[in-house]
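All chains are named by letter (A, B, ...) in the order of the sequence lines, taking the proteins before the strands, and each is independently numbered beginning at 1. None of these values were measured; they are calculated from a predicted model.
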There are 2 protein chains.
Amino acid sequence: MTGGMAARRYECGKCPLRTRPIFRELTEKELCYIGRFKSGELTADKGATVLVEGTHSPHLYTVLQGWGFRYKLLPDGRRQILNYALPGDLIGLQSAVMEEMQHSVEALSPMLLCVFERDQLEDLYRNYPGLAYDITWLAAREEQMVDENMLSVGRRKALERAAYLIAFLHHRAVTIGLDARRGFAIPMTQQHMADTLGLSLVHTNKTIRRLINARLILWRDGGCQVLEFEKLTEIAGWAPDLHEKRPIL
Amino acid sequence: MTGGMAARRYECGKCPLRTRPIFRELTEKELCYIGRFKSGELTADKGATVLVEGTHSPHLYTVLQGWGFRYKLLPDGRRQILNYALPGDLIGLQSAVMEEMQHSVEALSPMLLCVFERDQLEDLYRNYPGLAYDITWLAAREEQMVDENMLSVGRRKALERAAYLIAFLHHRAVTIGLDARRGFAIPMTQQHMADTLGLSLVHTNKTIRRLINARLILWRDGGCQVLEFEKLTEIAGWAPDLHEKRPIL
DNA sequence: CGCGGTTTTGAGAATCCTCAAAACCAGTGG
DNA sequence: CCACTGGTTTTGAGGATTCTCAAAACCGCG
């Protein structure tokens with residue numbers, strides 16, 4: 001079920017993610033420090049739980065490969081997905097900075113994570129203000145994404161919500177250069193979509209089918225593939241905001 | 001409509017908020033720096049807009065008095081309230097750290113805000129890692145609150161949502177010592193509640209009435225007063241997490 | 001071929017929505 | 001003191017959306 005610690009594959013200096021154009025470059029000194037800050041790598045199989053609500057993880061992670069999602073549960077088992085984690089995203093900050101996790105994280109596809117020690121965070125803040133600022137930046141961005149998703153669940157209707165979510169995820173994947181070739185699929189089931197949209201599985205299915213029939217998306221390879229990005233954003237009444245460079249830890 | 005800059009009333013060292021037991025104490029040095037970091041005070045009348053989506057504010061605020069709320073709008077005017085701002089909360093971090101605001105902030109009651117300059121943030125990060133850490137802490141907490149609200153809007157049903165929201169706000173107010181005397185009212189209209197819960201005004205009204213008829217709350221003085229906190233949390237399936245001390249900027 | 005997970009379909013029911021109007025209430029000016 | 005006004009709360013009614021239940025179809029994999 002779960003993955004485990006893997007032999008370290010990437011030196012931070014040669015991190016294949018870090019060099020992508022969307023990410024901010026670090027100074028030599030910072031890069032070197034990050035290399036020391038990094039304490040290992042973690043692999044997680046599809047479906048594995050990376051972080052658990054209610055626990056206090058001693059780690060902080062940067063996603064290197066794969067997709068994951070953050071979620072919360074109600075006592076009776078109803079699940080709400082809060083956001084997705086893609087390469088470059090930082091997860092576990094809440095438990096690092098506060099008492100304990102208030103949400104869980106699960107792998108949507110096989111993931112490779114970069115592991116940092118919570119204990120060293122204080123040292124980082126003391127000696128690398130630029131990196132500290134980056135962490136705050138990433139926290140602010142995460143909040144921004146949840147805000148946007150909140151608007152969607154609270155005020156958009158089913159078709160708009162579905163269109164927004166798919167466009168949003170597609171855009172994030174494209175932004176970090178995840179597609180390369182046209183036609184990659186977002187690795188999720190309709191149950192995941194339902195739990196993100198705040199809808200039932202049945203109604204989600206019927207809604208998605210409308211998008212498929214309108215030839216805006218395909219559903220295949222165990223996921224969702226976008227055909228008409230513009231049309232989706234139009235239905236959702238949403239325009240992606242184009243960040244310049246952004247930090248990565 | 002809007003308020004304006006007021007004569008500075010509070011020295012940070014004598015800030016009546018800061019001394020409340022819930023807030024973490026600062027060192028002498030930090031307190032002194034905050035005093036310099038603070039560039040003034042802002043008052044906002046009830047209904048005034050403090051921050052506007054799409055703009056880039058040069059300021060960052062800590063709420064000293066009063067209630068406010070963060071919200072987003074869809075192109076056609078539908079509104080979703082994301083969270084509320086109470087004394088001790090930091091607002092405007094998104095615009096300070098990133099390009100521009102992705103949400104607006106409006107005063108629910110007359111507010112008094114402590115103003116900080118965005119430009120000095122870099123200096124703060126460089127010289128006061130403890131304060132930088134506090135800012136990250138506050139950002140993580142804000143995200144946590146939106147997460148919780150997201151769970152509510154996505155997965156709870158109307159009555160549960162209303163119970164959760166009221167209990168949540170009541171708990172926050174009590175935590176910062178806002179009630180003193182029993183029986184304060186949360187200063188909001190049912191339209192605000194509707195826009196927070198992701199429900200229509202009419203349905204919100206009928207839902208609230210059920211809570212009133214069950215004698216769990218009162219609706220008066222232009223707001224909501226809690227009678228049976230425990231019962232509300234029970235309906236919502238929610239338990240407030242009790243933070244220890246927390247930072248305030 | 002069989003199995004578990006996922007998607008699809010149908011149908012009736014509950015929730016929630018919109019429209020519309022009335023009641024209520026606090027503040028304002030006569 | 002009272003009428004007027006604008007904002008807020010309340011009520012009713014019909015309709016749309018979304019839900020639950022249940023079963024079938026589909027699909028990749030061992």
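- A salt bridge is defined here as a Lys NZ or Arg NE, NH1 or NH2 lying under 4.0 Å from an Asp or Glu carboxylate O, and Glu106(B) with Arg70(B) fails to meet this definition.
- The side chain of Trp219(A) lies closest to dT7(C) when the candidates are dA11(C), dT9(D), dT7(C).
- In this structure, Leu159(A) atom CG and dT17(D) atom P are separated by 11 Å, rounded to whole Å.
- Distance Arg155(B) CZ to dT18(D) C1': 12 Å, rounded to the nearest Å.
- Contact check, Gln190(B) against dT10(D): a side-chain N or O comes under 4.0 Å of OP1 or OP2.
- In this structure, the NZ atom of Lys46(B) is 10 Å from the C1' atom of dA26(C), given to the nearest Å.
- With respect to the salt-bridge test (charged N to carboxylate O, under 4.0 angstrom), the residues Asp195(A) and Arg155(B) qualify.
- Ionic pairing of Arg215(A) and Glu228(A) is not present here: no N-O contact between side-chain nitrogen and carboxylate oxygen is shorter than 4.0 angstrom.
- Distance from the side chain of Leu201(A) is smallest for dT7(C) among the nucleotides dT7(C), dC16(C), dA11(C).
- At dT7(C), none of the side-chain N or O atoms of Arg209(A) fall inside 4.0 Å of OP1 or OP2 (strictly under the cut-off).
- Each of dT18(C), dC17(C), dC19(D) was ranked by its minimum atom distance to the side chain of Leu199(A); first place goes to dC19(D).
- Going from atom CG of Leu218(B) over to atom P of dT9(D) covers 14 Å, rounded to whole Å.
- A salt bridge does not link Glu148(A) with Arg141(A): none of the charged nitrogens is closer than 4.0 Å to a carboxylate oxygen.
- If you take CD of Gln191(A) and C1' of dC19(D), they are 14 Å apart, rounded to a whole angstrom.
- One atom, CD1 of Ile212(B), and another, C1' of dT11(D), lie 14 Å apart when rounded to the nearest Å.
- In this structure, Trp219(B) CH2 and Ile166(B) CD1 are separated by 6.0 Å, a value rounded to the nearest 0.5 Å.
- At the heavy-atom level, Ile208(A) lies nowhere under 4.0 Å from the strands shown.
- Remark: Asn205(B) is not in phosphate contact with dT9(D), judged by side-chain N or O atoms under 4.0 Å from OP1 or OP2.
- Sequence order on DNA chain C of the closest nucleotides to Lys157(A) and Met188(A) puts Met188(A) first from the 5' end.
- In this structure, Asp195(B) places its CG atom 11 Å from P of dC17(C), rounding to the nearest Å.
- For Val202(B), the listed nucleotide lying nearest its side chain is dC19(C); candidates were dC17(C), dT18(D), dC19(C).
- Computed from coordinates, the Met193(A) CE to dT6(C) C1' distance equals 15 Å when rounded to whole Å.
- Here the nucleotide nearest the side chain of Lys206(A), chosen from dG10(C), dT20(D), dC19(C), is dG10(C).
- At a threshold of 4.0 angstrom between heavy atoms, the contacts of Thr189(A) are confined to the sugar-phosphate backbone, with no base atom among them.
- Using a 4.0 Å heavy-atom cutoff across all strands shown, Gly198(B) reaches sugar-phosphate atoms only and no base atom.
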